[in-house]
Amino acid sequence: MIRLGLMGARGYVGRELIGALDADQRFDLAYASSRALAGKPLGVTPGLADLKRFSELVAEDISAEEAAARPVDVLVLGLPNGMSGPFVDAVAAAQPNALIIDLGADHRYKEGWVYGSPELNGAALPGAKRIANAGCYATAANLALAPLKDLAAGPASVFGLSGYSGAGTTPSARNDAERLEANVIPYGFGGHGHQAEIEATTGTQVVFAPHVGPFFRGLLTTITVPLVEDNTAEGLRRLFEAFYAEHPQVRITKEPPEITDVAGRDGCVIGGFAIDRDKPVLTLTSGLDNLRKGAATQALANIERALNLPR
């Protein structure tokens with residue numbers, strides 16, 4: 001079995017990853033750490049998986065040096081942005097052969113790190129030792145824009161709507177259920193971090209406008225992009241089907257996906273292809289579960305490829 005350590009078990013993504021690991025016989029969760037849940041057994045912590053195979057685990061606060069002293073094959077960092085650096089340095093020095101995968105934004109498109117998108121960067125993953133997991137909004141937008149790289153005539157408009165789990169567990173306006181009741185909160189205009197990530201991945205300029213809605217999980221990006229030439233909606237849908245023919249985690253549909261189509265499920269759904277009646281402008285929608293395909297199960301897919309595991 002592959003020994004895996006997890007830093008950041010309290011967060012929603014950490015919990016989702018623990019549940020996925022509990023159902024996967026290939027992995028042994030060697031330890032899981034959470035400052036907020038220090039000293040509490042994971043198996044009896046509300047909201048975490050019933051860890052039948054991991055009864056000895058506790059969610060404890062450990063330092064980077066202590067993490068480095070615990071041998072693992074894979075270290076997953078589910079820490080808030082800006083906090084992963086010391087753990088990377090310590091574990092890399094003590095365990096140079098360990099695979100380190102960062103679920104946060106600290107190492108995306110940084111030298112020495114492979115961008116973790118199985119569909120769009122899969123060839124770079126086998127043998128990788130440092131993987132920066134793609135972001136949730138970015139994954140949805142990247143998968144919708146990648147097939148259009150040679151067809152886009154200008155900046156794409158990306159309207160994003162996510163459940164409030166995307167705002168994490170630290171209390172804020174964007175995960176305040178009372179404030180969000182029958183409400184949508186726009187935020188992050190004019191340079192959200194995912195905007196640069198989408199542009200770097202797809203080579204297409206974008207303007208990104210994220211919003212958070214009154215539901216827990218799942219996200220949609222509705223994308224409008226001008227095209228260099230006239231195309232039909234059906235022709236573009238067939239283009240997408242061919243582009244992702246070998247990637248079953250991406251499903252192409254005629255109708256646009258809704259939150260209920262993706263929440264709690266794996267994979268990405270892209271659909272709703274429509275051409276403006278007066279000009280060559282395409283609109284389509286891409287949806288996924290931000291905690292699964294947007295984070296936890298995408299991380300497992302990246303680990304599979306890095307370690308050349310059967311899928």
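Proximity of a side-chain donor or acceptor of Tyr244 to a complementary backbone N or O of Leu143 within less than 3.5 Å is detected. Panel note: side chain Ser165, backbone Phe216; a donor-acceptor pair is recorded below 3.5 Å. Not a single donor-acceptor pair under 3.5 Å links the side chain of Ser34 to the backbone N or O of Gly8. Using modelled atom types, one side-chain atom of Lys129 and one backbone atom of Asn97 make a donor-acceptor pair closer than 3.5 Å. Proximity of a side-chain donor or acceptor of His211 to a complementary backbone N or O of Ile185 within less than 3.5 Å is not detected. Asp276 places no side-chain N or O within donor-acceptor distance of the main-chain N or O of Val281, the cut-off being under 3.5 Å. Here the side chain of Asn183 pairs a donor or acceptor atom with the backbone of Arg179 at under 3.5 angstrom. In this structure, Asn142 contributes its side chain and Ala138 its backbone to a donor-acceptor pair below 3.5 Å. When atom types are taken as modelled, the side chain of Asp106 and the backbone of Gly82 share a donor-acceptor pair closer than 3.5 angstrom. Between the side chain of Asn133 and the backbone N or O of Ile131 there is no donor-acceptor pair closer than 3.5 Å.
One finds no salt bridge joining Asp289 and Arg265 here, because no Lys/Arg side-chain nitrogen approaches an Asp/Glu carboxylate oxygen to under 4.0 Å. With salt bridges taken as basic N to acidic carboxylate O contacts below 4.0 Å, one links Arg238 and Glu234. Of the charged side-chain nitrogens involved, none lies within less than 4.0 Å of a carboxylate oxygen, so that Lys293 and Asp266 do not count as a salt-bridged pair.
Looking at heavy atoms from C-beta onward, Arg130 lies out of side-chain contact with Glu111 at the 4.5 angstrom threshold. Between Thr204 and Leu148 there is no side-chain heavy-atom pair separated by less than 4.5 Å. Side-chain contact between Leu239 and Leu151: present, with at least one pair of heavy atoms (C-beta onward) separated by less than 4.5 Å. You'll find the side chain of Asp261 stays beyond 4.5 Å of the side chain of Thr253, heavy atoms only. Within the 4.5 Å cutoff, the side chain of Val206 has heavy atoms near those of the Leu145 side chain. When side chains are defined from C-beta on, Val72 does not count as touching Leu4, because their heavy atoms never get closer than 4.5 Å. Residues Trp113 and Ile100 are in side-chain contact: their nearest non-hydrogen atoms beyond the backbone lie under 4.5 Å apart.
By the rule that hydrophobic residues join a cluster once side-chain heavy atoms approach within less than 4.5 Å of another member, Leu288 and Val269 end up as members of separate clusters.
Here the shortest heavy-atom pairing between Ala140 and Ser286 reads O-OG, 2.8 Å.
Separation of atoms CG (Leu17) and CD (Gln298) is listed at 12.5 Å; rounding is to 0.5 Å.
Applying the side chain to side chain contact (heavy atoms under 4.5 Å, CB included) test between Ile2 and each of Ile303, Asp73, Leu21 identifies Asp73 as the sole match.
With no hydrogens or angles considered, no side-chain donor-acceptor pair links Asn175 and Tyr12 at under 3.5 Å. A donor atom on one side chain and an acceptor atom on the other are found under 3.5 Å apart for Tyr115 and Glu197.
Cation-pi contact between Arg237 and Phe273: absent, since separation from the ring centre below 6.0 Å together with deviation from the ring axis within 45° is not met.
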Q. Do Phe215 and Tyr164 pass the ring pair (Phe, Tyr, Trp, His ring centres under 6.0 Å) test, and can you show the C-alpha distance, the side-chain angles, and the key distance before you say yes or no?
A. CA-CA 6 Å; Phe215 51 93; Tyr164 59 82; 8.0 Å; no
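Heavy-atom neighbours of Glu258 CD from other residues, nucleotides or ligands within 6.0 Å: at or below the threshold of 12.
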